[in-house]
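Here is the structure we will look at.
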Protein chains: 2
Amino acid sequence: MVKITDVARHAGVSPSTVSYALSGKRPISEETRQRIEDSIRELGYRPHAGARALASSRSNVLALVVPLRAGIHVPVVMQFAVSVVTTARRHDHDVLLLTQEEGEDGLRRVADTALVDALIVMDVQLHDRRLPLLRALDRPSVLIGFPAEPDGLTCIDLDFQAAGEVCVEHLAGLGHRVIALVGSPPEVYVRETGFAQRVVRGFTAAADRHGLSSSVHPCEAEPAAARQVAEQLLRERPALTGVVVHNEPIVEPLIDAFEQLGLRVPGDLSVTAICPDELAGRVPVPVTSVAIPSDEVGAGAVELLMKKLGGAAAPEATLLPPRLTVRESTGRRP
Amino acid sequence: MVKITDVARHAGVSPSTVSYALSGKRPISEETRQRIEDSIRELGYRPHAGARALASSRSNVLALVVPLRAGIHVPVVMQFAVSVVTTARRHDHDVLLLTQEEGEDGLRRVADTALVDALIVMDVQLHDRRLPLLRALDRPSVLIGFPAEPDGLTCIDLDFQAAGEVCVEHLAGLGHRVIALVGSPPEVYVRETGFAQRVVRGFTAAADRHGLSSSVHPCEAEPAAARQVAEQLLRERPALTGVVVHNEPIVEPLIDAFEQLGLRVPGDLSVTAICPDELAGRVPVPVTSVAIPSDEVGAGAVELLMKKLGGAAAPEATLLPPRLTVRESTGRRP
DNA sequence: AGATAGTGTCGAAGCGCTTCGACGGGGAAG
DNA sequence: CTTCCCCGTCGAAGCGCTTCGACACTATCT
């Protein structure tokens, strides 16, 4: 293994000079720097991560805690993780993967052993058990999602409430008067995952504001459940002409179900969804939707952490504004 | 921060004794060990990962390289990653997440900086560019999937060839004489990803062996493409009664398409798939399938690495035997 | 009884890097 | 012509842990 002293000798300088040339923490003459860089390339030098971490008390590793529970759309998680890794690399950091399963102990472990410099926690619940720990930890963290009390924490997510509102406003603008929200599985609401409830709040508030008749329907992430909800809606709310779906796996099955029940989309019924663009675009009837910007959330989370690691203050709440893309599933009220 | 010298002082022993008590690399009297453990608990001691890595030249971290390309079923990747993390933790290791995107440089970087002790590489292609590097690296690695020349490498995967065979044998046993394989998207074959071609090989060999008439049809992972293939099959091979699907996203759409074209499953047509059990079980007609055992592959990969890290030899090839689960989509030839 | 072999513990020497204080030399300011 | 300061570099002191050799003891064998 080639080490910093080898490089120093080869370049005719002291080890500390090599270190400073690499970190830029002290000025080094252009000429010396060049010589050092040549030596590094020639010898194939790579600083030892452990030694670096020990001496600098920075590991340049971020922890990412991913959820693995029911009701969470896996591709979104994956996309998010990839975006975190990519952004972290751009800041010369790596990403350690933790599962929810490890729980609080896992967080404490990687923080206390100085394995990681900072943490990103996904799937935060309204009353998440990890919050006190994250507040107490001596390393910065960023949460994806909003707990009930975000004080002292840094959170980022799509503004789901605004997303719900935007969908309703789009429908209201097209003249619809009777609308419904087909939401996530009941357990998602029961365990109080903030984002699902925020959608409901936005949906309801906007509907009330516009004087629309609205209703909310949780739904399992199964085609069969989607069909049941569709039947129930036709039965109980025959005047319905607008639907907002917040449940990735059933966007397509639900539309199918409506069509099989004789409703044309968007002819008889307008449908909008809150889901990844990629999903919205590649179904038989491309769906007007508010995107879930996993990329931006992931990148944003890393940027926030970098800011905190740099000693700067980060805003407590970062809400990404919803962006509605009009596709073919919505039209004027028939 | 509490360090090993603090623990030593508190327990009235020397730091090295604490270290040996922790690692078990030298015998420590029961009494002393107890005293040390008490001190550790009382002080809340956690060894510093970097210091440990530096002194022992072991980071206790594994690298996991995940693919992010088209034609790869995301939930399988995720499930696999979770299984790797879980198993690694059981061996007191953590997992660093790398994306394919980083390529060979990424592998070299984490290996050369001693950030990780070993590597797991997913989505290996027949002529993968990373193979020479993996062979040359001074740390052990395990590949998920089989390249054309596995010499000197350690590989693990489902035995896809046998999986193809098992499906055919199941159909042959039910009396079917004309069968088809609906496969992965064309680009998967073009870029020579081993597993897809192995399925074809197993499928074809078994069909020939049983004197069946067989054909192979690559298919994009889109419902529309599935429908096209279904129509084409009805047109060109009207005597068809058995189908093997190796393409997760279209298992359900393909069956739908057949049924909409007037074929009952399994009444007129038997369908088997090679896909995760979870998918096979939760479609309208539960599908007879060979499972993709992500859990076992992930766990197996980690176990192999641990063996290699322990200095033991690991087999070059580990092929997990296919397991066929009979569900409702297959029956005797009409 | 003396030699032999374990046991259980300690001290010291690193592992490879960063960082702090120091210092020589040149230019600007007085 | 001093004095002061900044630039570029060096040496040395750690960062917190593991590990090697040594050593004192007890147990076992002749």
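Residue numbering restarts at 1 for every chain, and letters A, B, ... go by the order of the sequence lines. Note that these values count all heavy atoms, side chains included, but never hydrogens, waters or copies made by symmetry.
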OP1 or OP2 of dT9(C) under 4.0 Å from side-chain N/O of Ser29(B): yes
Interatomic distance, Gln34(A) CD vs dG8(D) P [rounded to whole Å]: 15 Å
Short side-chain to backbone donor-acceptor contact, Thr87(B) and Val302(B), under 3.5 Å: no
Integer-rounded Å distance: dT9(C) C1' and Arg33(B) CZ: 13 Å
Flag, side chain of Asn60(A) to backbone of Asp92(A), donor-acceptor distance under 3.5 Å: yes
Cationic N near anionic O, under 4.0 Å, Glu101(A) to Arg89(B): no
Within residues 295-304 of chain B or reaching into it, pairs that qualify as side-chain hydrogen bond (donor to acceptor under 3.5 Å, both in side chains) - sequence neighbours excluded: Gln79(B)-Asp295(B), His91(B)-Glu303(B), Glu296(B)-Arg323(B)
Any donor-acceptor pair under 3.5 Å from His73(A) side chain to Val76(A) backbone: no
Sugar-phosphate or base contact per nucleotide [nucleotides 12-19 of chain C; S, B, -; heavy atom under 4.0 Å]: --BBBBSB
Sugar-phosphate only, base, or nothing, as touched by Ser57(B) at under 4.0 Å among non-hydrogen atoms: nothing
For residues 3-13 of chain A, tabulate all N or O donor-acceptor pairs below 3.5 Å that involve a side-chain atom, not counting sequence neighbours.
unit_1: Asp6(A); atom_1: OD2; unit_2: Lys3(A); atom_2: N; d: 2.9
unit_1: His10(A); atom_1: ND1; unit_2: Ser39(A); atom_2: OG; d: 2.8

